[in-house]
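The chains referred to below are lettered A, B, ... by the order of the sequence lines, with proteins before strands, and numbering in each begins at 1.
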2 protein chains.
Amino acid sequence: MNNSVDAPTPPFVPNYLLYLLAAASEAASERFHAHVRSKGLRVPEWRVMACLIDTDGSMVTELARYAMIEQSRLTKIIIQMDTRGLVSRRSDPKDGRRVRVFLTPQGRALAEELVADARIDEQELLKSFQGGQGDHIKDTLRALIWHLESGDLKQG
Amino acid sequence: MNNSVDAPTPPFVPNYLLYLLAAASEAASERFHAHVRSKGLRVPEWRVMACLIDTDGSMVTELARYAMIEQSRLTKIIIQMDTRGLVSRRSDPKDGRRVRVFLTPQGRALAEELVADARIDEQELLKSFQGGQGDHIKDTLRALIWHLESGDLKQG
DNA sequence: CCAGGAAACATGAATTTTCATATAAATCTT
DNA sequence: AAGATTTATATGAAAATTCATGTTTCCTGG
């Protein structure tokens with residue numbers, strides 16, 4: 001007979017990939033998201049503005065994919081941002097169904113300021129994350145995203 | 001004079017660490033989260049159950065940290081889950097302020113089923129992600145989380 | 001040209017989430 | 001040991017999100 005105690009079963013959550021991804025995303029974003037809110041924007045609004053810095057004038061559906069926001073939700077966010085003067089909406093002359101979204105001068109000024117802040121924040125995160133490791137994490141994440149989006153992993 | 005066109009400015013968003021983390025989390029979770037919903041649970045409810053598999057009987061505040069859900073929101077989720085018979089709430093006899101949350105037998109059965117499914121899903125993700133790379137990503141994420149939570153990166 | 005269908009957005013009602021604060025129990029202070 | 005603080009959870013109203021579906025515009029074959 002064996003008197004020794006069993007090794008405790010290891011916990012599930014802290015070793016689960018989807019938890020690690022969500023926790024890493026949250027932890028890494030916390031500080032900058034607080035900064036965004038201090039500037040009077042909610043995080044989804046900041047995401048819209050960051051996307052528009054890259055692709056000003058894109059249509060709502062494109063923006064929804066790029067910013068990872070569901071379409072009807074994005075529509076409502078954009079309407080609010082329009083009201084606040086951060087973006088303007090114009091229907092596409094070539095296709096009346098499409099609504100193209102543009103940064104206003106005011107919106108662009110804020111967006112550029114925040115993108116600059118975001119770059120600094122990112123550099124601080126990466127450089128504090130011991131030399132070189134920092135570079136690799138972005139590559140790893142890009143590879144993971146590419147793998148997940150392309151392969152579709154057997155259409156379960 | 002130089003006739004050559006400038007190289008286009010590289011886009012910000014697709015190379016931004018916080019975007020990569022959020023996008024990786026979303027892409028990796030999509031399939032399993034759909035599975036969770038097909039079982040009649042919303043994602044935050046699944047998170048609560050997964051946490052309780054590890055730490056049944058924990059108090060609301062602990063659970064909130066572990067499941068990354070804000071406290072007052074968690075309270076409401078737990079009340080719903082209690083009503084549905086997935087968990088039960090008992091006030092701690094040692095400290096009347098605390099509410100300890102337990103899986104019911106029915107809740108535990110569902111939680112165990114989903115944890116098993118989650119393990120399978122995770123294995124499929126990792127093994128499809130070319131040999132060995134899979135292992136490393138979890139280590140990288142753990143390191144990042146540990147770094148972010150411990151260091152606090154200068155108290156900006 | 002027209003009917004049918006698809007694509008792009010908008011909308012409304014039900015539900016959730018957020019934020020500030022209330023309540024209640026434990027702990028500290030003097 | 002009474003009062004002041006802190007900790008734990010609950011609550012309510014305002015705001016945001018979700019989901020299904022409506023509306024408008026475009027496209028396609030006959």
Visitor: Residues two or more places apart in sequence or in another chain: which of them pass side-chain contact (heavy atoms from CB on, under 4.5 Å) with B/E113?
Guide: B/K39, B/L110, B/D117
Visitor: Test of understanding: with salt bridge (charged side-chain N to carboxylate O under 4.0 Å, His left out), list the residues that count as partners of A/R97, not counting sequence neighbours.
Guide: A/D95
Visitor: To the nearest angstrom, how far is B/Q71 atom CD from C/dT18 atom P?
Guide: 12 Å
Visitor: Using a strict heavy-atom distance below 4.0 Å, which residues from residues 78-101 of chain B are in contact with DNA chain C?
Guide: B/Q80, B/D95, B/G96, B/R97
Visitor: If hydrophobic clusters are built by linking Ile, Leu, Val, Met, Phe, Trp and Tyr wherever their side-chain heavy atoms come under 4.5 Å apart, do B/L114 and B/M68 end up in the same one?
Guide: yes
Visitor: Please report the interatomic distance CG(A/D139) to CG(A/L144), rounded to the nearest 0.5 Å.
Guide: 12.5 Å
Visitor: Between B/R42 and C/dT16, is there a contact of a side-chain N or O with OP1 or OP2 at under 4.0 Å?
Guide: yes
Visitor: Does anything in residues 52-70 of chain A come within less than 4.0 Å of DNA chain C? Heavy atoms only, and list the residues if so.
Guide: A/M59, A/V60, A/T61
Visitor: For B/Q80, is the CD atom crowded, meaning more than 12 foreign heavy atoms sit under 6.0 Å from it?
Guide: yes
Visitor: How would you give the extent of chain B contacts on DNA chain D, as first and last nucleotide 5' to 3' within a 4.0 Å heavy-atom cut-off?
Guide: D/dT7 to D/dA13
Visitor: What pairs with B/R73 under salt bridge (charged side-chain N to carboxylate O under 4.0 Å, His left out), at least two apart in sequence or on another chain?
Guide: none
Visitor: To the nearest Å, give me how far apart CZ (B/R73) and P (C/dT15) are.
Guide: 17 Å
Visitor: Can you give each donor-acceptor pair under 3.5 Å made by side-chain atoms of residues 50-61 of chain B, sequence neighbours left out, with the distance rounded to 0.1 Å?
Guide:
{"from": "B/D54", "atom 1": "OD1", "to": "A/F12", "atom 2": "N", "distance (Å)": "2.7"}
{"from": "B/D54", "atom 1": "OD2", "to": "A/F12", "atom 2": "N", "distance (Å)": "3.1"}
{"from": "B/D54", "atom 1": "OD2", "to": "A/V13", "atom 2": "N", "distance (Å)": "2.8"}
{"from": "B/D54", "atom 1": "OD2", "to": "B/Y66", "atom 2": "OH", "distance (Å)": "2.9"}
{"from": "B/T55", "atom 1": "OG1", "to": "B/C51", "atom 2": "O", "distance (Å)": "3.1"}
{"from": "B/T55", "atom 1": "OG1", "to": "B/S58", "atom 2": "OG", "distance (Å)": "3.4"}
{"from": "B/D56", "atom 1": "OD1", "to": "B/L103", "atom 2": "N", "distance (Å)": "2.8"}
{"from": "B/D56", "atom 1": "OD2", "to": "B/R108", "atom 2": "NH2", "distance (Å)": "3.4"}
{"from": "B/S58", "atom 1": "OG", "to": "B/T55", "atom 2": "O", "distance (Å)": "3.1"}

Visitor: With nearest nucleotide decided by heavy atoms, which residue, B/R37 or A/E45, maps closer to the 5′ end of DNA chain D?
Guide: A/E45
Visitor: Can you list the residues that meet the salt bridge (charged side-chain N to carboxylate O under 4.0 Å, His left out) rule with B/R42, with sequence neighbours excluded?
Guide: B/E45
Visitor: Angle, rounded to 10°, between the helical axes spanning five pairs at each terminus of the helix from C/dC1-D/dG30 to C/dT30-D/dA1?
Guide: 30°
Visitor: I'd like to check the side-chain contact (heavy atoms from CB on, under 4.5 Å) partners of A/S91; sequence neighbours left out, ordered by chain and number.
Guide: none
Visitor: Taking for each residue the nucleotide of DNA chain C with the nearest heavy atom, is it A/S72 or B/P44 whose nucleotide lies nearer the 5' end?
Guide: A/S72
Visitor: Name every donor-acceptor pair, under 3.5 Å, that has one atom in a side chain of residues 14-23 of chain A and the other anywhere in the protein, sequence neighbours excluded.
Guide:
{"from": "A/N15", "atom 1": "OD1", "to": "B/R142", "atom 2": "NH1", "distance (Å)": "2.9"}
{"from": "A/N15", "atom 1": "ND2", "to": "A/P11", "atom 2": "O", "distance (Å)": "3.4"}

Visitor: What residues form a salt bridge (charged side-chain N to carboxylate O under 4.0 Å, His left out) with A/K76, not counting sequence neighbours?
Guide: none
Visitor: Determine the interplanar angle of the A/F32 and A/W46 rings, folded into 0 to 90°, and report it as parallel if under 30°, tilted if 30 to 60°, perpendicular if over 60°.
Guide: perpendicular
Visitor: Do A/I145 and B/L126 land in one hydrophobic cluster if side-chain heavy atoms of ILVMFWY residues count as linked below 4.5 Å?
Guide: yes
